[in-house]
Amino acid sequence: MRSFLYWAVQHKWLLLAFLIGILLLLPPPPPDLSHHGRQSLVIAVVAMILFITEPIPLPTIALMIAVSQVLFGIASPTEVAHTYMNDSVFFILGSLMLAVAIVKQKLDRRLAVAIFRITGPKVSRIVLGLIGVSAFLASLMGEHTVAAIMMPVAVSLIRHAGGESKSTPRLSALLLFSISYACAIAGLGTPSGGARNAIMIEYWSRLYQVKVSYFAWIRYAYPMVLIQAPVLALILLWRFSPEKSDLSTALRKLRAQVLWEGKMRSSDWLTVGIFCLTLFLWVSLSGKIGLGTPALIGVSLYLIAGLVDWEDLNTGVNWGVFLIYASTISLGVAIEGTGAAEWVASHFLELIASLGLHSGTGLLAAVAALTVAVSCFISRAPALGILTPIVLSMARDSGTSVLAMGFTAAMASAFTYMTVVGSPSNTIIFSSGYLQPRDYLRAGGWMTLASLALLLLLEETYWRWVLPL
């Protein structure tokens with residue numbers, strides 16, 4: 001009995017999550033929500049509690065999501081297995097493997113030295129440098145790609161500064177979130193920054209015959225990137241005040257190692273060449289062969305060339321993170337397929353209409369909040385695909401600009417700072433092993449509020465000048 005009580009105290013959040021799930025399943029489902037739709041939402045609520053409180057290892061939660069879908073009859077075992085293995089999941093796996101290959105060739109050190117030669121040793125300037133470089137790159141290519149490139153750079157500096165995450169946890173979080181969040185805010189600035197942007201452009205064209213060019217998107221959206229970047233630096237430096245303000249010693253160690261390794265060798269150039277080929281395939285052929293296939297092509301070439309061994313990948317890849325990301329995509333498919341996502345969106349919009357937020361800035365603010373809430377737990381592109389027809393219809397019926405509404409939803413879908421699974425870049429930096437799920441709430445909550453406020457400010461000022469409202 002004593003052992004059981006001890007276990008119960010240690011796992012109180014697990015028991016509470018299960019109790020909440022049971023209570024939510026007891027009453028009959030709403031008449032306009034299917035039985036499986038209610039079950040999928042309950043699974044999402046329980047999983048959210050467990051992801052935040054972490055009473056059990058996170059990969060265990062991922063396994064429970066799969067088991068729950070089968071036991072509730074939401075999907076067959078084969079269907080669940082299919083949702084666990086898709087292009088996005090292969091992309092995350094390939095990105096983690098590419099990062100291992102880059103680290104093995106020690107190219108992360110060379111890139112780190114090149115960046116820090118410009119920023120200097122002050123932590124505040126290093127943070128600005130990481131944000132600037134990551135944001136610039138993420139404006140040109142997918143944010144997930146940039147996160148995979150830049151994460152080893154931050155990890156190299158962390159190891160030389162403190163060695164272990166326990167000795168410098170705030171510095172570790174500061175540097176890693178500088179990369180992940182900068183990728184997120186820059187991804188909304190151009191159509192190529194994320195699939196959700198292309199989805200919105202397609203909806204505008206197909207449903208409302210509104211054409212938005214590549215550079216028109218930049219004109220409307222990129223000011224949001226420029227005003228978010230300094231705010232991001234301020235929030236991160238506030239929430240994760242680093243244990244060290246000067247990293248001169250760490251930078252000297254990095255420079256010494258790079259000098260000792262000498263000039264770039266043929267294997268280094270081959271590593272760079274394969275990664276550039278992978279990047280080219282991402283940019284030019286992702287529409288035909290997806291994002292996962294180019295990543296796996298790059299990994300295969302590294303293995304064939306002997307630049308990395310399978311043992312390196314087996315030990316260097318955080319397989320738990322791979323499983324976590326796969327499970328959330330699977331749950332998102334279930335929520336969409338059962339009609340639960342549309343049910344939540346429609347009832348939320350009915351609620352805000354009853355509160356008088358049926359047009360103008362109030363409606364835009366409510367839609368932005370809804371988009372953030374949905375996108376934090378469902379992959380952002382499917383979330384936007386579900387919400388866009390609904391919110392654009394609301395804009396048309398209320399006399400609100402469909403352009404303003406579309407940009408609001410597309411941008412808000414990037415504000416997924418509070419969860420590990422909110423974006424691929426969040427998931428990738430979590431694989432470093434230096435972060436805990438609660439770290440995402442410490443800075444992500446404030447960053448979400450700041451981003452929403454800046455978005456509304458942009459709507460009331462700049463957009464009234466440039467958008468046909």
Report, one line per pair, each donor and acceptor closer than 3.5 Å where one atom sits in a side chain of residues 435-443; sequence neighbours left out.
unit_1, atom_1, unit_2, atom_2, d
D439, OD2, Q436, N, 2.8
Y440, OH, N426, O, 2.8
R442, NH2, R239, O, 2.7

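- Residues W310 and M97 have side chains in contact (heavy-atom distance under 4.5 Å, counting atoms from C-beta outward).
- Atom CD1 of I289 is separated from atom CG of L296 by 10.0 Å, given to the nearest 0.5 angstrom.
- Counting only residues at least two apart or in different chains, side chain to side chain donor-acceptor pair (under 3.5 Å) contacts with residues 22-34 comprise D32-W343, D32-H347.
- Distance check, rounded to the nearest 0.5 Å: CG of L364 to CG of L452 gives 12.0 Å.
- In this structure, the side chains of L303 and L313 come closer than 4.5 Å at one or more pairs of heavy atoms.
- Using modelled atom types, no side-chain atom of Y181 and backbone atom of M447 make a donor-acceptor pair closer than 3.5 Å.
- Of the possible donor and acceptor atoms, one in the side chain of T427 sits under 3.5 Å from a partner among the backbone N and O of V420.
- Within the 4.5 Å cutoff, no side-chain heavy atoms of I61 are placed close to those of S327.
- The aromatic ring centroids of W217 and F407 lie less than 6.0 Å from each other.
- In this structure, T338 and G37 approach most closely via the heavy-atom pair OG1-CA, 3.4 Å.
- Remark: side-chain polar atoms of H35 are not paired, donor with acceptor, to backbone N or O of P29 under 3.5 angstrom.
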Verdict with supporting geometry, T278 and I297, side chain to side chain contact (heavy atoms under 4.5 Å, CB included): CA-CA 7 Å; T278 306; I297 289 174; 5.8 Å; no

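- Atom OG of S180 sits about 13.0 Å away from atom CG of L175, to the nearest 0.5 Å.
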From CA spacing to verdict: side chain to side chain contact (heavy atoms under 4.5 Å, CB included), L403, W463: CA-CA 10 Å; L403 275 177; W463 282 3; over 6 Å; no

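- Between W13 and I56, every side-chain heavy-atom pair lies at or beyond the 4.5 Å cut-off.
- With sequence neighbours left out, the side-chain contact (heavy atoms from CB on, under 4.5 Å) criterion links V46 to A17, F18, V42, L50.
- In this structure, OG in S178 is found 7.0 Å from CG in L237, a value given to the nearest 0.5 Å.
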Using atom types as modelled, flag every donor-acceptor pair under 3.5 Å from a side chain in residues 19-28 to any protein atom, sequence neighbours excluded.
none

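- Here the closest heavy-atom approach between residue Q69 and residue S330 is recorded as NE2-OG, 2.9 Å.
- In this structure L456 satisfies the side-chain contact (heavy atoms from CB on, under 4.5 Å) test together with T361, A365, E459, sequence neighbours excluded.
- Looking only at side-chain heavy atoms (C-beta outward), K12 and L16 stay at 4.5 Å or farther from each other.
- Here the shortest heavy-atom pairing between I65 and A47 reads CD1-CB, 4.1 Å.
- Considering every non-hydrogen atom in both M411 and L455, the closest pair reads SD-CD1, 3.6 Å.
- Proximity of L363 to M405: side-chain heavy atoms (C-beta onward) are separated by under 4.5 Å at one or more points.
- Taking both residues in full, the closest heavy atoms of S432 and L176 are given as OG-CD1, 3.4 Å, listed atom of the first, atom of the second, then distance.
- Between S425 and I179 the shortest side-chain heavy-atom distance does not fall below 4.5 Å.
- Note on ring orientation: taking the six-membered ring where Trp is involved, the planes of Y417 and F415 are parallel (angle under 30°, cut-offs 30° and 60°).
- In this structure, CE in M151 is found 11.0 Å from CG in L98, a value given to the nearest 0.5 Å.
- A distance-only check finds a donor-acceptor pair linking the side chain of T371 to the backbone of V367 [under 3.5 Å].
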Derivation and outcome, side-chain hydrogen bond (donor to acceptor under 3.5 Å, both in side chains), residues H36 and Q39: CA-CA 5 Å; H36 287 326; Q39 291 173 332; 2.8 Å; yes

Output, in order, the C-alpha distance, side-chain angles, deciding distance and verdict of side chain to side chain contact (heavy atoms under 4.5 Å, CB included) for R219 and Y462. CA-CA 10 Å; R219 181 189 177 200; Y462 179 69; 3.8 Å; yes

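- Across all non-hydrogen atoms, the minimal contact from L323 to P59 is CD2-O, 3.8 Å.
- With sequence neighbours excluded, the residues forming a side-chain contact (heavy atoms from CB on, under 4.5 Å) with V231 are I235, A450, L454, listed by chain and number.
- The shortest distance between side-chain heavy atoms of L33 and L41 falls below 4.5 Å.
- Rounding to the nearest 0.5 Å places CZ of F72 at 10.0 Å from OG of S40.
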In sequence, state the C-alpha distance, the side-chain angles, and the governing distance for L226 and Y222, and then conclude on side chain to side chain contact (heavy atoms under 4.5 Å, CB included). CA-CA 7 Å; L226 300 178; Y222 213 82; 3.8 Å; yes

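- Using a distance-only test at 3.5 Å, with no hydrogens or angles considered, no donor-acceptor pair links the side chain of Q228 to the main chain of S451.
- Between the side chain of S431 and the backbone N or O of I428 there is at least one donor-acceptor pair closer than 3.5 Å.
- Proximity of a side-chain donor or acceptor of E460 to a complementary backbone N or O of L457 within less than 3.5 Å is not detected.
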